[in-house]
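Protein chains get the first letters and strands the later ones, always in sequence-line order, with residue 1 at the start of each.
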2 protein chains.
Amino acid sequence: MSKTLQHIDYTEETELLARFSKALGHPTRLIILKYLSNQSCCYTGDLVGVLPLAQSTISQHLKELKEAGLIDGEVNPPKVRYCINQANWEKARALFSTLFKEDFKNFSCC
Amino acid sequence: MSKTLQHIDYTEETELLARFSKALGHPTRLIILKYLSNQSCCYTGDLVGVLPLAQSTISQHLKELKEAGLIDGEVNPPKVRYCINQANWEKARALFSTLFKEDFKNFSCC
DNA sequence: ATAGTTAATCGCAAATATACGATAAATAAT
DNA sequence: ATTATTTATCGTATATTTGCGATTAACTAT
């Protein structure tokens, strides 16, 4: 890695959309989000009961979703209640919507 | 990895959405897709001229987009013309649309 | 104070992703 | 036949992701 990509300056929007996409890019995380949207919110332990994965693994997926901004964790000791971050979820929806809207304006060749 | 996640059986839809998301999870690939949607189609060389990345790196990103089903490569020697795979793109649009539609049905807690 | 509960974090291993330069393949042009 | 053009693939290095069990941290309840 000599030219190294990390320093290309993408637009904010592109970076953000990539970040959201990456977070959505694992089936377990999609399931967590679906679970969250059905239940309003949930505790880590709820997910441990549902998914055939170690508690530490689930905790890690939650961390990634949180770092991507898609969920929030409210400490409620000794539990932590996770909810979808509505503002960012809306932002994600808007970004994906734009991505899928902008194309095929002038498709002619194939 | 003893319990190993690979064998959890997610639904087809979940797997597919994760696959699409993962492919979209890198800024360079988003730029390629945007470029593609503006230009209808393009050759690998066009992208090499636009992105500050090695030809082999770009080729690899194209391969991933192709493997995810988002684009097609039509060999037109010695060039290869890449276009968005409209059917799968539409499928992706539908899956993301569903993902962002289904939630907040019953948000009450936070 | 002690024990119990819950969830994050640490340390580790294996797999995957990202980037590069160099090489190979496939065809067109000379 | 040789050369040029274009793109894929190979080999390699490094970074990140994914998973686990064990431990730690933070608070409750006894």
Side-chain angles (χ1 to χ4, degrees), chain A residues 1-8 10 14-15 18-32 35-36 41-68 70-83, chain B residues 1-8 10 14-15 18-32 35-36 41-68 70-83:
Chain A
M1 296 195 206
S2 22
K3 280 187 196 168
T4 317
L5 174 61
Q6 334 292 47
H7 315 101
I8 296 182
Y10 301 102
T14 298
E15 295 268 19
R19 189 148 64 86
F20 287 146
S21 297
K22 200 173 178 186
L24 297 174
H26 193 291
T28 295
R29 290 195 288 270
L30 288 176
I31 286 179
I32 290 173
Y35 190 86
L36 234 45
C41 295
C42 73
Y43 298 107
T44 307
D46 298 340
L47 293 164
V48 174
V50 167
L51 296 164
L53 291 168
Q55 178 264 322
S56 59
T57 302
I58 292 169
S59 199
Q60 209 172 335
H61 281 301
L62 287 167
K63 187 183 176 188
E64 272 167 70
L65 287 171
K66 198 167 64 180
E67 281 174 357
L70 292 174
I71 65 175
D72 288 317
E74 181 201 339
V75 180
N76 198 358
K79 297 184 166 191
V80 177
R81 182 207 287 278
Y82 284 101
C83 306
Chain B
M1 296 201 205
S2 22
K3 280 187 197 169
T4 317
L5 174 61
Q6 334 291 48
H7 315 101
I8 295 181
Y10 301 103
T14 299
E15 294 268 19
R19 191 149 63 88
F20 287 146
S21 297
K22 199 172 178 185
L24 296 175
H26 194 291
T28 294
R29 291 195 288 270
L30 288 176
I31 285 178
I32 290 174
Y35 190 86
L36 234 45
C41 295
C42 74
Y43 298 107
T44 308
D46 299 339
L47 294 164
V48 174
V50 167
L51 296 164
L53 291 168
Q55 178 265 322
S56 58
T57 302
I58 291 169
S59 198
Q60 210 173 333
H61 280 302
L62 287 167
K63 187 183 177 190
E64 272 168 67
L65 287 171
K66 198 167 63 181
E67 281 174 357
L70 292 175
I71 64 174
D72 288 318
E74 181 201 338
V75 179
N76 199 357
K79 296 185 168 192
V80 177
R81 183 205 288 277
Y82 284 101
C83 306

Student: Side chain of A54(A), heavy atoms from C-beta onward: which of dC20(C), dA8(D), dG21(D) has the nearest atom to it?
Tutor: dG21(D)

Student: Which one, dT17(D), dT16(C), dT18(D), comes nearest to the side chain of K22(B)?
Tutor: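 The answer is dT16(C).
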
Student: Would you compute the distance between atom OG of S21(B) and atom NZ of K22(A) and round it to the nearest 0.5 angstrom?
Tutor: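 It comes to 13.0 Å.
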
Student: Roughly how far, to the nearest 0.5 Å, is the CG atom of L36(A) from the CZ atom of R29(A)?
Tutor: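 So the CZ of R29(A) and the CG of L36(A) are separated by 14.0 Å.
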
Student: On DNA chain D, nearest-nucleotide positions of T57(A) versus K66(B): which is more 5'?
Tutor: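 The 5'-side residue here is K66(B).
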
Student: Side chain to side chain contact (heavy atoms under 4.5 Å, CB included) with L62(B): which residues, sequence neighbours excluded?
Tutor: I32(B), T44(B), L47(B), I58(B), I71(B), Y82(B)

Student: Between C1' on dA25(D) and CG on N76(A), what's the gap in Å once rounded to a whole number?
Tutor: 16 Å

Student: In whole angstrom, what separates L47(A)'s CG from dT6(C)'s P?
Tutor: 14 Å

Student: May I ask you to say what Q60(B) touches in the nucleic acid, namely base, sugar-phosphate or nothing, with a heavy-atom cut-off under 4.0 Å?
Tutor: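 Base contact - Q60(B) has a heavy atom under 4.0 Å of at least one base atom.
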
Student: Would you kindly give the CG-to-C1' distance between L24(B) and dA17(C), to the nearest whole Å?
Tutor: 16 Å

Student: Give the nucleotide from the list dT7(D), dT6(C), dT16(C) with an atom nearest to the side chain of S59(B).
Tutor: dT7(D)

Student: Give a yes/no on whether any side-chain N or O of R29(A) is located under 4.0 angstrom from OP1 or OP2 of dT18(D).
Tutor: yes

Student: Check the orientation of H26(B) and H61(B). Use parallel for under 30°, tilted for 30 to 60°, and perpendicular for over 60°.
Tutor: tilted

Student: Of the options dC10(C), dT27(C), dT18(D), whose atoms approach the side-chain atoms of P77(B) most closely?
Tutor: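 My answer, after comparing the listed nucleotides, is dT27(C).
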
Student: Are the side chain of R81(A) and the backbone N or O of Y43(A) linked by a donor-acceptor pair below 3.5 Å?
Tutor: no

Student: Given atom CD of E67(A) and atom P of dA8(C), what is their separation to the nearest angstrom?
Tutor: 12 Å

Student: When the nearest nucleotide of DNA chain D is assigned to P78(A) and to I58(A) on a heavy-atom basis, which residue is associated with the more 5' position?
Tutor: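 So the residue in question is I58(A).
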
Student: Find the distance L62(A):CG to dA8(C):P and express it as a whole number of Å.
Tutor: 6 Å

Student: How many angstroms lie between CG in L65(B) and OG1 in T28(B), if you round to the nearest 0.5 Å?
Tutor: 10.0 Å

Student: Y43(A) has a side chain; which of dT16(D), dA7(C), dT18(D) sits nearest to it?
Tutor: dA7(C)

Student: Quick one: which of dA7(C), dC20(C), dA26(D) gets closest to the side chain of K79(A)?
Tutor: dA7(C)

Student: In whole angstrom, what separates E64(B)'s CD from dT18(C)'s C1'?
Tutor: 8 Å

Student: In this structure, how many angstroms lie between the C1' atom of dT18(C) and the NZ atom of K63(B), rounded?
Tutor: 13 Å

Student: When the distance from CG of L53(A) to P of dA8(C) is rounded to whole Å, what number comes out?
Tutor: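 Result: 15 Å.
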
Student: S56(B) side chain: which of dT18(D), dA7(C), dG21(C) is closest?
Tutor: dG21(C)

Student: What nucleotide among dA8(D), dA22(C), dA7(C) has an atom nearest to a side-chain atom of T44(A)?
Tutor: dA7(C)

Student: Would you say the base of dA8(D) and the side-chain of Q55(B) have a donor-acceptor pair closer than 3.5 Å?
Tutor: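 Present.
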
